[in-house]
A.B. asks: 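Submitted below is the structure of interest, expressed as structure tokens.
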Amino acid sequence: MINELKAELKKIFTIRSTYIIFAIMLILLVFFGFYVGGWHSQKIDLLDPTRLYRITQQATSFLSIFTALIGLLLITHEFRYNLASYSLSLSRSRSKVLAAKIIVISVLALVVTGILVVAAPLLADWGIHANHLKLVPQHYYYWGIAWKGLIYGWGYGMAGLVIGTLLRNQIGAIITLFIVPHTVEGLLSIWLKNNTVYLPFTSLDTVLGVNESAANSGPIITPVHALLVFLAYLVGAWIIAWYLFMRRDAA
Amino acid sequence: MVIKAERLTKKYGKKLAVNNISFQVETGKVTGFLGPNGAGKSTTLRMMLGLANGQGTVLYNGKRLSEYKQPSEMVGILLEAKAFHPTRSARNHLKILATEGNVPLSRVDEVLDIVGLKSEAKKGPGKFSLGMSQRLGLAAALLAKPKYLLLDEPANGLDPEGIVWLREFLKSYADDDHGVFVSSHLLSEMSRLADNLVVIGKGKLLADTSMREFIAGNVGTSVYVRVSDIDKLEKLLEKQKINYKKVNSGLELFGVKTDKVGKLAYENKLTVLELTTRTASLEEAFLEVTAGSEEYTPKEVSK
């Protein structure tokens, strides 16, 4: 298993796309944290005692798609470039190969989201001070944003990986990843109304609290309940993905 | 020491791609794997590695591949020349495979050196020619010094020097008590490389035998003769019930040897201008065996 884990890590860090994704993520983090959340703050925002908390929530929500993209590419590259023929014949078990991918993406998502959660408020605070603005004293819910942010980032990482495992087709998986969370679930919300919070990505948003205004108008589910809803979808998706990964031909 | 494939069967929908085939790949020999396009060669190779699901068993020295602690030490594969990420350097590509196969990373530069790609190690293989890609694929197959090599069309895209090098390399690898199972459409090359042949057509096993037996058994040898009076010789052959056909200005005789033909000509006062034994080529034998087994039949070229 150690070999599989090492190999998956190397796969991520030996291709250009990983660094391009991280670079875009970093640029957007600086833009969003320092400029939009700090330097360019409106007066009314500066009076919000949860301003930094909100910035962290929004940055995590906005940038977690990139960890999902890394997870998605990790699995779809195997099939796009026929690397699966090596991975699956060199390993004694397909399950180990898939488990290694899940572990590596989980760790990566947690580390990247951890950095986001720490960097976003610091950058915003720096931007505010750099523009000689004054922010009211802040109530920053460290542990709340820590566990919610990490769960959210991990959830997106897993979502990218499971979508890639299910579809295998890289373009199809990327399109799915980008349209399901907001477009598809957004359209479904017209029909489902208050029950939208039981959709997978909306429930994940509820964990982080980015859709609080929407949630307030419908049935309220706590972040813990929302997490359970999301986990139910994730476990279901993984059972199907795992079965297909074991049963399908490798090309 | 053999790979024993037994009763391999694979369906794609209603189509039977591999139909109950059994064969062996021995160590110490190069076994050629032949068949027309769409015959099921690549599917068979994938089934041998557990990459394509189907029925039947494949045992490597008596055990399934997944039963070995390090499958990479048992088999090295080259299924597709371009099986790499285009921007990941050749060295990193091999390092990943070495890690997956529990092979020391020092072996990476060794195999790059063996296939002649050491100078290209830092480059992304996306811009490699087909021949260079094949070499990288071969390097990947050789990483763990496996007992068996399973290679799908490894000579495709190689330049003449590369083909000669590949032939010599695979022969010496087999001589070193390894088994080499190689598919190729280059029949002249295969005839120089392989000791044994497995031939399939439309998913069915058509032959599993030695190269010599395959050629002799399916086309055999013939005698080509040119004499001073060809009409007279034809009458003599018909009288003796010897099969023949006209070829250029001479006759090709089947089922006889040169000494009998020489004696016949001498006794009937025919001047022999040319008398040779013709050994059939692998190509002729292959076409004979696979006649009617082609999946895709092109339109005949009008002359």
Side-chain angles (χ1 to χ4, degrees), chain A residues 1-23 69-70 72-101 103-104 164 168 170 242-251, chain B residues 10-12 17 42-43 45-54 60 64-103 105 124-126 133 137 140-141 143-144 146 150 152:
Chain A
M1 188 66 180
I2 297 295
N3 289 336
E4 280 89 354
L5 289 170
K6 281 185 191 170
E8 294 306 326
L9 264 178
K10 282 181 184 172
K11 282 177 192 174
I12 291 174
F13 290 105
T14 53
I15 53 171
R16 205 168 47 195
S17 58
T18 302
Y19 295 97
I20 292 172
I21 289 169
F22 279 141
L69 203 52
I70 289 173
L72 184 150
L73 293 178
L74 181 65
I75 185 79
T76 54
H77 278 156
E78 296 275 356
F79 300 103
R80 181 171 182 188
Y81 300 115
N82 203 18
L83 299 168
S85 60
Y86 289 119
S87 307
L88 301 182
S89 62
L90 290 173
S91 177
R92 296 177 68 191
S93 143
R94 288 189 180 197
S95 293
K96 273 188 182 179
V97 174
L98 195 55
K101 288 185 192 297
I103 293 168
V104 165
R168 303 211 298 194
Q170 194 167 76
W242 200 289
Y243 175 78
L244 292 175
F245 192 75
M246 299 297 287
R247 294 295 307 158
R248 283 197 287 200
D249 291 347
Chain B
K10 170 78 178 172
K11 272 184 177 178
Y12 288 113
S42 296
T43 304
L45 284 169
R46 288 178 182 278
M47 290 181 79
M48 291 173 76
L49 294 160
L51 298 173
N53 295 305
Y60 292 75
R64 288 172 192 271
L65 197 54
S66 57
E67 289 177 59
Y68 285 95
K69 198 174 176 191
Q70 296 300 338
S72 59
E73 289 172 4
M74 190 49 55
V75 63
I77 60 167
L78 166 55
L79 298 183
E80 198 180 301
K82 298 276 182 184
F84 46 68
H85 190 287
T87 66
R88 181 181 288 135
S89 73
R91 182 178 279 129
N92 279 334
H93 170 65
L94 294 177
K95 276 184 176 175
I96 288 169
L97 301 185
T99 306
E100 283 179 325
N102 200 28
V103 176
L105 295 182
S133 303
L143 265 175
L150 266 58
D152 196 3

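Naming: A, B, ... by sequence-line order, numbering from 1 per chain. As a basis for the values below, the full set of heavy atoms in this structure was taken, side chains included, without hydrogen atoms, waters or symmetry mates.
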A.B. asks: Heavy-atom cut-off 4.5 Å, strictly under: side chain, backbone, both or neither for Ser87(A) against chain B?
C.D. replies: both
A.B. asks: Under 4.5 Å heavy-atom distance to chain A, tell me which part of Ala98(B) shows up: side chain, backbone, both or neither.
C.D. replies: neither
A.B. asks: Using non-hydrogen atoms only, which part of Glu73(B) is less than 4.5 Å away from chain A: side chain, backbone, both, or neither?
C.D. replies: neither
A.B. asks: Name the region of Ile77(B), side chain, backbone, both or neither, that has any atom closer than 4.5 Å to a heavy atom of chain A.
C.D. replies: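 For Ile77(B), backbone and side chain are both near chain A.
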A.B. asks: If you take all heavy atoms of Ser89(A) and Pro71(B), which pair is closest and at what distance?
C.D. replies: O-CB, 3.5 Å
A.B. asks: Of the non-hydrogen atoms in Ala140(B) and Tyr86(A), which two are nearest, and what is the gap between them?
C.D. replies: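 Minimum heavy-atom separation between Ala140(B) and Tyr86(A): CB-OH, 3.7 Å.
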A.B. asks: State whether the side chain of Asp249(A) and the backbone N or O of Asn53(B) hold a donor-acceptor pair below 3.5 Å, judged by distance alone.
C.D. replies: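 Here the side-chain-to-backbone pair exists.
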A.B. asks: Identify the residue among Arg16(A), Arg80(A), His77(A) that makes a side chain to side chain contact (heavy atoms under 4.5 Å, CB included) with His85(B).
C.D. replies: His77(A)
A.B. asks: Give, as side chain, backbone, both or neither, the part of Asn92(B) having an atom under 4.5 angstrom from any heavy atom of chain A.
C.D. replies: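 Side chain only.
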A.B. asks: To the nearest 0.5 angstrom, please state how far the CG atom of Leu79(B) sits from the CG atom of Asn82(A).
C.D. replies: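 These two atoms lie 7.0 Å from each other.
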A.B. asks: Return the CD1 to CD1 distance between Ile96(B) and Ile12(A), rounded to the nearest 0.5 Å.
C.D. replies: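 CD1 of Ile12(A) is found 10.0 Å from CD1 of Ile96(B).
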A.B. asks: If you count heavy-atom pairs within less than 4.5 Å of chain A, which of Gly54(B), Pro86(B), Gly76(B), Gly50(B) leads?
C.D. replies: Pro86(B)
A.B. asks: State the CG-CG distance between Asn102(B) and Asn3(A), to the nearest 0.5 angstrom.
C.D. replies: 4.5 Å
A.B. asks: Less than 4.0 Å between a side-chain N and a carboxylate O, is that true for Glu100(B) and Lys10(A)?
C.D. replies: no
A.B. asks: Looking at every heavy atom in both Tyr81(A) and Phe84(B), which two are closest together, and how far apart are they?
C.D. replies: CB-O, 3.4 Å
A.B. asks: Does any backbone or side-chain atom of Arg94(A) lie under 4.5 Å from a heavy atom of chain B? Answer side chain, backbone, both or neither.
C.D. replies: side chain
A.B. asks: Using non-hydrogen atoms and a 4.5 Å limit, figure out which bit of Met1(A) sits close to chain B: side chain, backbone, both or neither.
C.D. replies: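 Neither part, no heavy atoms under 4.5 Å.
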A.B. asks: Distance from Glu4(A) atom CD to Thr99(B) atom OG1, nearest 0.5 Å?
C.D. replies: 10.5 Å
